[in-house]
Amino acid sequence: YISDRSYARSSQSVLLIVVFHQLIRRKGEEEMGLFKRKKKSVKFEKEGLKRGKIEKTLSYMMAVPMDPSILKNTDEMIERLKEVQGIQVHRVEERNNEEREQLLFLTYQEEEYVVGFYQGHYEHPGYYRWQHIFSVKERETFKREGEGLLTWMVFGESNINSFHLQIKILNAFVPNMVGIIDFSSEKILSGRWAKLASQSLIPPAPSYLYTIQAVVGGEDENVWLHTHGLNRCGAIDLEILGLTRDNYEALNSVILVLAEKIVTRGEFDDEEAPIYTARLTTKDVLMTTWIDYRRASEYYPEGTLGQVHLREDAHEENRGVIFCYSTETDYKKRNFVPLDRYAEVLAENPIVYYTTEETNRMSQLAKERFPYLEFLYNKGLDEEEVLLIKIGLDVDEKYRQDVDEKEHIWFQLEGIDVGRQVFYGVLTQEPYFIEGLHEGMEKELPFERLTDWIFFGKDGDEITPDSVYLLENE
């Protein structure tokens with residue numbers, strides 16, 4: 001169940017990047033100088049409470065070309081960028097330094113940006129997350145050392161639109177790219193995905209702007225969840241310490257909820273402030289907060305991953321650890337406790353959060369890429385293949401808190417009538433707030449209510465509006 005009120009229940013688990021943490025890092029990481037250990041004192045003198053909203057840091061992203069020769073002619077790169085709809089290039093200035101950096105001054109969606117770029121050398125960062133499906137040839141290209149085009153910029157008012165702009169710039173500069181190395185969020189994006197994303201009027205999902213990593217280590221193999229990428233969105237990066245292999249996936253959903261708010265709304269609450277995160281039951285809500293990671297170290301046993309003396313340089317700035325308030329009295333007394341006490345209830349009822357802005361974005365993308373849905377349906381489905389569509393239906397009046405409140409429900413697609421602009425579907429789940437509708441019922445569904453869709457192939461393949469790049473060859 002996904003509602004515009006900001007919370008959802010889902011049985012779907014979340015895939016995380018898991019990095020096995022040891023006192024001695026992998027040899028390859030040491031050679032690249034990616035981790036530099038410093039001696040630190042565990043003692044922390046409390047200062048004033050910190051702000052959740054910070055000055056936005058630079059977003060660093062590099063396009064890796066299939067053919068490096070395309071990087072040689074900067075003038076042609078700029079001309080290609082000028083042809084991109086919605087971008088007005090004003091001027092380019094070259095900086096007098098060894099890298100021959102250049103600054104690009106432009107306007108996008110009535111907002112001015114300065115984007116730096118230069119041709120630089122890269123080495124494959126082995127622990128970065130592969131965000132998409134890559135061919136063997138594409139992976140081999142990434143794993144070789146080579147030349148790429150590095151860009152950096154400060155996001156504007158909208159984090160998502162700014163990220164979309166950076167993708168558009170990279171695709172215009174390097175149209176034959178294998179993919180993008182997003183240094184800020186520590187992930188690798190497909191060039192085929194980036195091409196479609198740059199051509200779309202709909203920006204990418206908020207989850208593209210950050211990554212959640214799970215570091216596992218210590219004698220008890222405790223788990224440390226933390227994000228990369230939220231600093232460029234103007235907020236602290238988020239963490240949860242002291243988890244286990246059994247409960248970290250359930251509590252991962254809390255980070256998803258809070259990160260979604262940061263990316264879409266460009267703001268975050270201050271240290272120790274109560275944050276309404278989700279409704280757990282009809283009576284109980286989850287009220288979280290955060291404290292500076294240095295203070296948080298004191299709340300966990302010695303040896304817990306994420307404590308001050310067990311961190312590398314990349315995890316030392318603008319970071320907060322999520323805690324929770326169990327009652328209103330606890331909040332008034334600032335008596336926050338570690339989040340793992342909610343692990344069991346979240347495992348049974350995981351939360352999936354979508355702001356109203358994200359629900360609208362998903363719907364727009366699903367509709368924009370309707371031709372792919374139609375293609376999948378018209379090619380004929382094998383017995384083991386399934387096409388599902390998610391439709392937003394009006395909640396019964398007695399349950400409404402807003403006039404336009406909807407419950408978003410999955411139907412198995414049984415037919416498409418383009419002339420009448422309707423789908424025919426069979427309900428796959430029991431609604432929460434629509435009493436006259438039940439699992440297994442057939443229903444005629446208007447195109448305009450489409451929120452999302454997904455194809456499940458017989459080989460376990462999944463195709464969504466975001467991953468239609470996998471169909472480009474077809």
Side-chain angles (χ1 to χ4, degrees), residues 58-109 111-125 128 131-132 134-156 161-185 187-201 203-204 208 232 469 472-473:
L58 288 170
S59 173
Y60 289 96
M61 300 174 71
M62 173 181 277
V64 177
M66 187 69 74
D67 179 7
S69 64
I70 199 170
L71 303 176
K72 293 181 179 180
N73 195 321
T74 302
D75 292 337
E76 290 183 359
M77 293 164 55
I78 298 299
E79 289 303 313
R80 286 195 296 270
L81 182 61
K82 289 180 179 178
E83 295 175 2
V84 177
Q85 184 178 1
I87 297 179
Q88 295 83 45
V89 178
H90 303 305
R91 68 183 189 279
V92 180
E93 295 181 1
E94 185 170 326
R95 301 175 69 179
N96 187 21
N97 57 22
E98 184 178 350
E99 288 81 12
R100 298 184 63 187
E101 299 172 354
Q102 299 189 66
L103 296 180
L104 179 66
F105 295 81
L106 57 84
T107 298
Y108 178 67
Q109 296 186 350
E111 191 169 2
E112 295 183 352
Y113 293 85
V114 179
V115 183
F117 67 95
Y118 75 92
Q119 180 178 340
H121 184 78
Y122 78 90
E123 297 178 5
H124 173 245
Y128 277 23
Q131 182 69 29
H132 298 115
F134 292 81
S135 68
V136 174
K137 182 179 180 181
E138 289 171 335
R139 283 180 178 262
E140 289 177 347
T141 301
F142 263 114
K143 291 179 179 179
R144 293 193 298 265
E145 295 182 20
E147 297 297 311
L149 188 83
L150 179 67
T151 62
W152 62 95
M153 61 182 285
V154 176
F155 285 171
N161 290 339
S162 299
F163 180 80
H164 199 195
L165 169 62
Q166 198 165 5
I167 296 291
K168 288 175 179 283
I169 292 171
L170 288 167
N171 185 70
F173 280 171
V174 190
N176 70 333
M177 64 177 160
V178 182
I180 295 171
I181 303 176
D182 185 347
F183 294 101
S184 295
S185 67
K187 68 177 64 169
I188 300 174
L189 309 175
S190 162
R192 290 175 290 152
W193 172 87
K195 179 180 179 180
L196 283 179
S198 66
Q199 296 170 349
S200 175
L201 297 175
Y208 275 104
R232 64 178 170 184
Y469 67 92
E472 281 300 283
N473 293 335

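As the structure is a prediction and not an experimental result, all values here were calculated from the model. Count residues from 1 along the sequence.
- Residues Glu145 and His124 are not in side-chain contact: their nearest non-hydrogen atoms beyond the backbone lie 4.5 Å or more apart.
- Distance alone, capped at 3.5 Å, is enough to place a donor-acceptor pair between the Ser162 side chain and the Gly156 backbone.
- When side chains are defined from C-beta on, Ile78 counts as touching Phe173, because their heavy atoms get closer than 4.5 Å.
- Relative to the ring axis of Tyr118, Arg100 does not place its NZ or CZ within 45° and under 6.0 Å from the centre.
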Verify side chain to side chain contact (heavy atoms under 4.5 Å, CB included) between Phe105 and Glu93, making sure each step is shown before the conclusion. CA-CA 8 Å; Phe105 295 81; Glu93 295 181 1; 3.6 Å; yes
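- Residues His132 and Arg192 form no side-chain contact, since every pair of their non-hydrogen atoms from C-beta on lies 4.5 Å or further apart.
- Within the 4.5 Å cutoff, the side chain of Leu150 has heavy atoms near those of the Phe183 side chain.
- A side-chain donor-acceptor contact under 3.5 Å links Gln166 to the backbone of Ser59.
- Rounded to the nearest 0.5 angstrom, Arg144 CZ and Tyr122 OH are separated by 7.0 Å.
- Salt-bridge annotation for Lys137 and Glu140: absent, with no side-chain N of the basic residue lying under 4.0 Å from a carboxylate O of the acidic one.
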Step by step, work out the side chain to side chain contact (heavy atoms under 4.5 Å, CB included) result for Thr74 and Val92. CA-CA 10 Å; Thr74 302; Val92 180; 5.7 Å; no
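- Under the side-chain contact (heavy atoms from CB on, under 4.5 Å) rule, Met177 has a single partner from Leu149, Val64, Asn171, which is Asn171.
- With hydrogens and angles ignored, the 3.5 Å screen pairs a side-chain donor or acceptor of His164 with a backbone N or O of Ala197.
- Within the 4.5 Å cutoff, no side-chain heavy atoms of Asp182 are placed close to those of Gln131.
- For the pair Ile70 and Pro175, the minimum side-chain heavy-atom distance is below 4.5 Å.
- Summarising the geometry, atom OG belonging to Ser184 is positioned 9.5 Å from atom CZ belonging to Phe163; distances are rounded to the nearest 0.5 Å.
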Side chain to side chain contact (heavy atoms under 4.5 Å, CB included), that's the test. Do Tyr60 and Met62 meet it? Break it down for me. CA-CA 7 Å; Tyr60 289 96; Met62 173 181 277; over 6 Å; no
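- Within the 4.5 Å cutoff, side-chain heavy atoms of Leu106 are placed close to those of Ile169.
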Is there a side chain to side chain contact (heavy atoms under 4.5 Å, CB included) between Leu103 and Val115 once you walk through the steps? CA-CA 6 Å; Leu103 296 180; Val115 183; over 6 Å; no
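- Judged by distance alone, with hydrogens and angles left aside, the side-chain atoms of Arg80 form a donor-acceptor pair with the main-chain N or O of Ala172 at under 3.5 Å.
- Within the 3.5 Å criterion, the main-chain N or O of Met61 finds a donor-acceptor partner in the side chain of Thr151.
- The 12-atom threshold is not exceeded at CD of Glu112, counting heavy atoms of other residues, nucleotides or ligands nearer than 6.0 Å.
- Going from atom CD of Gln199 over to atom NZ of Lys168 covers 8.5 Å, rounded to the nearest 0.5 Å.
- The CD atom of Glu147 sits 12.5 Å away from atom CG of Asp67, with the distance rounded to the nearest 0.5 Å.
- Within the 4.5 Å cutoff, no side-chain heavy atoms of Phe134 are placed close to those of Thr141.
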